[in-house]
Amino acid sequence: MRYFIQYPAGAGELVADAMSRFVDGFRAEYQDDSAMLFSSSSPMERVADTPFAKNAFAVITEIPCSDIDENVARLAGSLKNAQFPSLPIPRARGFRVMVHVDG
């Protein structure tokens, strides 16, 4: 599963060094000084319990950056067939659409 976490700004190197102690099968895909995209075999609950993560999200789909109207249509189309992970955490009753543009 792919995850996106946010953590205190400036902690990027510390987080990268520590993640493999908190989740299984950790593989970083993208990182900056306050956020990381990674894959892990750990369940969402374990990722969400990472003590330094301010926010943790399961990544359902990803759309390459292009025209905003085209992107919204592609996102809507991709969600029709998406396999949504179960969210057993009581506070996790919905989902959030996030846009992260680097640079």
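Position 1 is the first residue of the sequence; numbering continues from there. As a basis for the values below, the full set of heavy atoms in this structure was taken, side chains included, without hydrogen atoms, waters or symmetry mates.
When every heavy atom of Ser39 is checked against every heavy atom of Glu29, the shortest pair comes out as CB-OE2, 3.6 Å. Residues Val59 and Met1 share a closest heavy-atom pair of O-CE, 4.2 Å. Heavy-atom minimum distance, Gln31 versus Ala16: OE1-CB, 3.4 Å. Closest non-hydrogen pair, Ser41 versus Gly25, comes out as OG-N, 3.9 Å. Taking all atoms of both residues into account, the shortest heavy-atom contact from Met19 to Ile5 is SD-CD1, 4.0 Å. In this structure, Ala35 and Phe4 approach most closely via the heavy-atom pair CB-CZ, 3.6 Å.
Note: the hydrophobic cluster containing Leu14 does not contain Met36 (ILVMFWY, side chain heavy atoms under 4.5 Å, direct or indirect links).
For the pair Phe22 and Ser42, the minimum side-chain heavy-atom distance is 4.5 Å or more.
Partners of Phe26 under the ring pair (Phe, Tyr, Trp, His ring centres under 6.0 Å) rule, at least two apart in sequence or in another chain, are Phe38.
Rounding to the nearest 0.5 angstrom, the gap separating the OH atom in Tyr7 from the OG1 atom in Thr50 is 12.0 Å.
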